[in-house]
Engineer: 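Okay, here's the structure, questions in a sec.
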Amino acid sequence: MRAAQFFISTLKEAPAEAELPSHKLMLRAGLIKRLASGLYSWMPMGLRVLRKVEAVVREEMNRAGSVELLMPSVQPAELWQESGRWEFYGKELLRIKDRHERDFCYGPTHEEVVTDIVRKEINSYKQLPKNFFQIQTKFRDEVRPRFGVMRAREFVMKDAYSFHTDFDSLVDTYNGMYQAYCNVFTRLGLKFRAVAADTGSIGGTGSHEFQVLADSGEDLIAYCPDSDYAANIELAEALAPAAPRAAAAAAMKTVSTPNVKTIAQLVDFLKVDIRQTVKAVVVESDSDEPVLMLVRGDHELNEVKAEKIAGIKKPLTMATPAAIRDAFGAQPGSLGPVGFKGRVIADRTVAAMADMVAGANRDDEHLTGVNFGRDCAEPEVADIRNVVAGDPSPCGKGALALCRGIEVGHVFQLRTKYAEPLGCNYLDRDGKLKPMEMGCYGIGVSRIVGAAIEQGHDERGIIFTDAMAPFTVVIVPMGYGRSELVREAADKLHDELAALGIDVLLDDRDERPGVLLADSELLGIPHRVVIGERGLKEGKVEYQGRRDDGATPVELTGIVAHLQSRMAC
RNA sequence: CGGGGCGUAGCGCAGUCUGGUAGCGCACCUGGUUUGGGACCAGGUGGUCGUGAGUUCGAAUCCCACCGCCCCGACCA
């Protein structure tokens with residue numbers, strides 16, 4: 001490909017709307033162009049990257065035995081009403097009407113459609129298992145789109161759905177997909193981690209997220225450096241303290257704490273160790289009675305864990321100030337377990353505390369020396385907090401560490417969540433009708449591009465791996481328009497590489513050398529050959545890998561072999 | 001939805017407080033000089049100053065409403 005014929009539109013300055021390095025670089029390199037909030041055009045250069053990612057995903061899916069199809073983006077409301085999600089999916093579902101005022105949605109995911117296909121096409125255990133996938137544009141009406149293609153409203157996703165007679169078969173395919181995903185992300189050169197994830201309201205028995213490690217990620221991951229344990233913080237288990245609760249040593253005392261509303265203020269005011277304090281959070285339950293949740297002062301309530309507890313209202317809802325005053329007789333800031341008649345759920349850590357500092361349920365007063373079983377009833381105990389760095393790992397092998405990640409894939413055991421309401425059944429060996437077991441497997445194809453740049457960039461621009469780069473090799477001629485010698489050598493090399501099937505860009509634009517060199521680096525093309533009269537007179541050109549510090553002179557006659565050897569690794 | 005910020009040429013910005021002929025840099029076009037790290041000189045193209053309604057002799061500037069974008073939070077998964 002020749003640059004003059006292609007389309008390169010780079011910017012020196014990033015548009016002000018971009019915050020993340022990856023977003024800025026994608027705009028500067030002209031990979032994408034914003035149309036509206038969360039809506040991006042993939043420009044020719046960016047589309048080449050997207051297609052490279054798709055190609056790797058498609059290959060690995062095929063290799064893993066999944067079969068490609070393509071379903072419509074627009075889906076009839078009836079199917080969603082059948083599964084119950086027309087009501088429950090919420091505002092993220094973009095609903096539209098056709099000219100006959102019939103309801104449709106723009107598909108955010110395709111469980112309903114694929115299940116509809118399968119229930120009509122597959123009737124027998126002999127046809128199972130089957131695994132279908134597609135690579136397609138999805139739309140989710142995000143509350144707050146941000147970070148460019150990382151959280152866009154319209155995006156490209158690979159979604160796969162598997163159907164099975166039984167759970168063992170599902171697990172088998174699930175494991176196959178898990179491996180395929182590892183292959184995809186490894187081939188793309190991403191630093192990633194598969195982490196156990198919350199199954200959320202979907203239920204089921206297993207779910208793993210594939211997280212690209214990046215400080216700018218929106219997800220928090222807890223992992224054990226000494227084992228392969230890793231989980232989303234929503235799920236990561238906080239173990240009970242090893243030591244049993246100490247005996248009560250102090251008498252309970254009331255202390256006046258005027259205008260002390262937060263734990264930080266409390267610690268400062270009373271000069272106590274934050275680990276002696278207890279934080280009170282009041283949430284709504286399925287009945288009218290609010291429930292008191294207690295976590296240690298320096299810990300945070302984990303909402304996903306909290307709402308899984310029986311009787312707690314889903315989604316987790318904080319009690320209103322009025323309800324709190326009714327139930328406790330005090331305002332938030334002075335709440336605690338002593339004297340509260342309702343349900344109390346203490347985090348495992350809190351359950352092992354003695355001589356606690358807690359709110360007195362009277363405004364501007366706290367209690368010190370509070371002990372369960374003596375000053376108030378023993379609470380229910382549950383794991384309701386976020387793990388923190390240094391917590392013992394649930395695997396038993398060390399301490400947890402935290403890092404951030406960008407979710408680029410997830411695999412899910414759906415079980416019969418969709419098969420049952422949609423009547424996706426098969427006849428088994430005994431002629432009995434049974435619902436199919438299902439799995440679903442997603443990869444955020446367009447998000448991968450952003451995530452990869454988040455991991456691969458420097459002050460000069462993007463650093464793509466060979467697998468993702470829009471072009472594998474860029475030829476930068478010094479004076480293409482002026483020097484016949486340079487032009488001939490550049491043209492010849494371009495044609496040779498192209499004939500070998502290598503994605504090569506010959507930058508024949510009539511620009512100064514500095515512009516060409518800077519653009520090649522901004523675009524992140526992994527291998528660069530600079531051809532100039534100076535070198536050609538000695539029969540040499542220069543090779544420089546995108547990560548290399550400087551250029552290496554290479555014999556013109558040997559440059560193709562040199563490139564091939566560099567590309568191999 | 002709450003809080004904050006911003007909308008002036010394709011991009012980055014000044015001008016708004018204190019109303020008086022719409023500016024700068026980059027990009028783009030023409031000519032010339034240049035040519036191994038984002039050139040220089042000269043001349044140009046391009047803007048209903050987000051939209052609408054007001055105040056005023058006169059509004060980018062003041063008032064009101066709306067729209068859009070960004071950040072933080074909430075919500076969602």
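Every chain is numbered from 1, with letters handed out A, B, ... down the list of sequences.
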Engineer: For A/A14, which contact category applies under a 4.0 Å heavy-atom criterion: base, sugar-phosphate, or nothing?
Structural biologist: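 Result for A/A14 = sugar-phosphate.
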Engineer: Kindly compute the distance separating CD (A/E87) from CG (A/L93), expressed to the nearest 0.5 Å.
Structural biologist: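 Here the interatomic distance stands at 12.5 Å.
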Engineer: Roughly, in whole Å, what's the span from CG in A/L316 to P in B/A77?
Structural biologist: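 Going from A/L316 (CG) to B/A77 (P), I get 12 Å.
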Engineer: How would you label the contact of A/R146 with the nucleic acid (heavy atoms, under 4.0 Å): base, sugar-phosphate, or nothing?
Structural biologist: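 Sugar-phosphate contact only.
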Engineer: In whole angstrom, what separates A/I32's CD1 from B/C11's P?
Structural biologist: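 One finds 14 Å between P of B/C11 and CD1 of A/I32, rounded.
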Engineer: Rounding to an integer number of Å, can you tell me how far A/E303 CD sits from B/A74 C1'?
Structural biologist: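 Result: 10 Å.
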Engineer: When the nearest nucleotide of RNA chain B is assigned to A/P145 and to A/R28 on a heavy-atom basis, which residue is associated with the more 5' position?
Structural biologist: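 This one resolves to A/R28.
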Engineer: Could you check which nucleotide pairs with B/A74 in any of the strands shown, counting Watson-Crick or G-U wobble with both distances under 3.5 Å?
Structural biologist: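 Because no pair has both required distances under 3.5 Å, B/A74 counts as unpaired.
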Engineer: Taking a pair as Watson-Crick or G-U wobble with both distances under 3.5 Å, which nucleotide is matched to B/G19?
Structural biologist: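 Across any shown strand, B/G19 pairs with none.
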Engineer: Just checking A/R528: base, sugar-phosphate only, or nothing, at a heavy-atom cut-off of under 4.0 Å?
Structural biologist: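 Base contact - A/R528 has a heavy atom under 4.0 Å of at least one base atom.
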Engineer: Whole Å only: how far is the CZ atom of A/R151 from the P atom of B/C76?
Structural biologist: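 These atoms are roughly 14 Å apart.
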Engineer: Can you check each nucleotide of nucleotides 27-36 of chain B against protein heavy atoms at under 4.0 Å and return B for base, S for sugar-phosphate only, - for none, in 5' to 3' order?
Structural biologist: -------BBB
Engineer: For nucleotides B/A9 and B/A14, find the distance between their P atoms and express it as a whole number of Å.
Structural biologist: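 These two P atoms come out 12 Å apart once rounded.
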Engineer: Do the side chains of A/R153 and A/E142 get close enough for a salt bridge, i.e. N-O under 4.0 angstrom?
Structural biologist: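 No, A/R153 and A/E142 are not salt-bridged.
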Engineer: Would you mind pulling out the nucleotide paired to B/A60, Watson-Crick or G-U wobble, both distances under 3.5 Å?
Structural biologist: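 Base partner found: none.
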Engineer: What nucleic acid atoms does A/R460 come within less than 4.0 Å of, heavy atoms only: base, sugar-phosphate, or nothing?
Structural biologist: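 A/R460: base contact, heavy atoms under 4.0 Å.
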Engineer: How far, in whole Å, is B/C17 from B/C63 if one measures between their P atoms?
Structural biologist: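 Those two atoms are separated by 9 Å.
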Engineer: Quantified in whole Å, what is the P atom distance between nucleotide B/G44 and nucleotide B/G54?
Structural biologist: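 The same atom, P, in both gives a distance of 39 Å.
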Engineer: Determine the sole option in A/Y178, A/Y181, A/Y174 for which the side chain to side chain donor-acceptor pair (under 3.5 Å) test with A/H208 is passed.
Structural biologist: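 Running side chain to side chain donor-acceptor pair (under 3.5 Å) over A/Y178, A/Y181, A/Y174 with A/H208 returns exactly one hit, A/Y174.
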Engineer: Determine whether a donor-acceptor pair (N or O, by modelled atom type, separation under 3.5 Å) exists between the side chain of A/D219 and the backbone of A/Q211.
Structural biologist: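 No.
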Engineer: Once you round it to whole Å, what is the distance between P of B/G37 and CG of A/D458?
Structural biologist: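 Distance, rounded to whole Å: 19 Å.
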Engineer: The criterion is salt bridge (charged side-chain N to carboxylate O under 4.0 Å, His left out); which residues satisfy it with A/R296, sequence neighbours excluded?
Structural biologist: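 A/R296 satisfies salt bridge (charged side-chain N to carboxylate O under 4.0 Å, His left out) with A/D298 once adjacent residues are dropped.
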Engineer: Should B/A39 form a Watson-Crick or G-U wobble pair with both distances under 3.5 Å, which nucleotide is its partner?
Structural biologist: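 Paired with B/A39, as far as the under-3.5 Å criterion goes, is B/U33.
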Engineer: Under the rule for ring-ring contact (aromatic ring centres under 6.0 Å, His included), what residues qualify as partners of A/H410, not counting sequence neighbours?
Structural biologist: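 For A/H410, the residues satisfying ring-ring contact (aromatic ring centres under 6.0 Å, His included) (neighbours in sequence not counted) are A/F412.
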Engineer: Please give, in whole Å, the distance from B/G37 P to A/D549 CG?
Structural biologist: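 It is 18 Å, rounded to the nearest whole Å.
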Engineer: In whole angstrom, give the distance that lies between atom CE of A/M150 and atom C1' of B/C70.
Structural biologist: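 Those two atoms, CE and C1', are 16 Å apart.
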Engineer: Cation-pi check, A/R546 to A/F464: give yes when NZ or CZ is under 6.0 Å from the six-membered ring centre and within 45° of the ring axis, no otherwise.
Structural biologist: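 Checked: cation-pi criterion not met.
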Engineer: C1' atom, B/U45 versus B/C26: distance in rounded Å?
Structural biologist: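 Straight-line distance between the two C1' atoms is 15 Å.
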Engineer: Grab the CZ-P distance between A/F412 and B/A77 for me, whole Å please.
Structural biologist: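 After rounding, the reported distance stands at 12 Å.
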Engineer: Counting C-beta onward and ignoring hydrogens, is there a side-chain heavy-atom pair between A/L556 and A/K540 closer than 4.5 Å?
Structural biologist: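 No, too far: nothing below the 4.5 Å cut-off.
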Engineer: Under 4.0 angstrom, heavy atoms only, what part of the nucleic acid is A/E218 near: base, sugar-phosphate, or nothing?
Structural biologist: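 No contact.
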Engineer: From C-beta outward on A/E521, which listed nucleotide comes closest to its side chain: B/G37, B/G38, B/A74?
Structural biologist: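 Of all the options, the side chain of A/E521 is nearest to B/G37.
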Engineer: For the P atoms, the ones on B/C40 and on B/G25, what distance do you get once it is rounded to whole angstrom?
Structural biologist: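 Per the computed distance, 11 Å lies between those P atoms.
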Engineer: Sort out the partner of B/A14 for me: Watson-Crick or G-U wobble, both distances under 3.5 Å, none otherwise.
Structural biologist: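 Across any shown strand, B/A14 pairs with none.
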Engineer: Looking at A/W42, is A/R48 sitting on its ring face, NZ or CZ under 6.0 Å from the six-membered ring centre and within 45 degrees of the normal?
Structural biologist: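 The answer is no, since A/R48 fails at least one limit relative to A/W42.
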Engineer: So what's B/U51 paired with, Watson-Crick or G-U wobble, going by both distances under 3.5 Å?
Structural biologist: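 Across all strands, the one nucleotide that pairs with B/U51 is B/A65.
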Engineer: Using the P atom as the point on both nucleotides, what is the distance between B/C64 and B/U18, in whole Å?
Structural biologist: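 Looking at atom P only, B/U18 and B/C64 are 15 Å apart.
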Engineer: Just N and O in the side chain of A/R144: are any of them under 4.0 Å from OP1 or OP2 of B/C71?
Structural biologist: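 Yes, A/R144 has a side-chain N/O under 4.0 Å of OP1/OP2 on B/C71.
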Engineer: Return the nearest nucleotide to the side chain of A/E92; candidates are B/G38, B/C11, B/C76.
Structural biologist: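 Closest nucleotide among those given: B/C76.
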Engineer: Identify all side-chain donor-acceptor contacts of residues 19-29 of chain A below 3.5 Å with residues at least two apart in sequence or on another chain.
Structural biologist:
| residue | atom | partner | partner atom | Å |
| --- | --- | --- | --- | --- |
| A/S22 | OG | A/E454 | OE1 | 2.5 |
| A/H23 | ND1 | A/G148 | N | 3.4 |
| A/H23 | NE2 | A/Y40 | OH | 3.3 |
| A/R28 | NE | A/L11 | O | 3.0 |
| A/R28 | NE | A/K12 | O | 3.4 |

Engineer: For nucleotides B/C69 and B/C11, find the distance between their P atoms and express it as a whole number of Å.
Structural biologist: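 Approximately 15 Å lies between the P atom of B/C69 and that of B/C11.
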Engineer: Mind checking whether A/E437 and A/F163 have side chains closer than 4.5 Å, heavy atoms only?
Structural biologist: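 Not in contact.
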Engineer: How far does the P atom of B/U51 sit from the matching atom of B/G68, given to the nearest Å?
Structural biologist: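 Pairwise P distance, B/U51 against B/G68, rounds to 15 Å.
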Engineer: Just the atom pairs and distances: protein N or O near nucleotides 66-69 of chain B's N or O, under 3.5 Å.
Structural biologist:
| residue | atom | partner | partner atom | Å |
| --- | --- | --- | --- | --- |
| B/C69 | OP1 | A/S37 | N | 3.1 |

Engineer: In terms of side-chain heavy atoms of A/E13, which of B/C76, B/G12, B/G38 is nearest?
Structural biologist: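 Side chain of A/E13 sits closest to B/G12.
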Engineer: Is there a Watson-Crick or G-U wobble partner for B/G46 with both distances under 3.5 Å, and if so, which one is it?
Structural biologist: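 Partner of B/G46: none found under 3.5 Å.
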Engineer: Only counting residues at least two apart or in another chain, list the ones meeting ring-ring contact (aromatic ring centres under 6.0 Å, His included) with A/F185.
Structural biologist: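 Checked A/F185 against ring-ring contact (aromatic ring centres under 6.0 Å, His included); matches are A/F192, A/F210.
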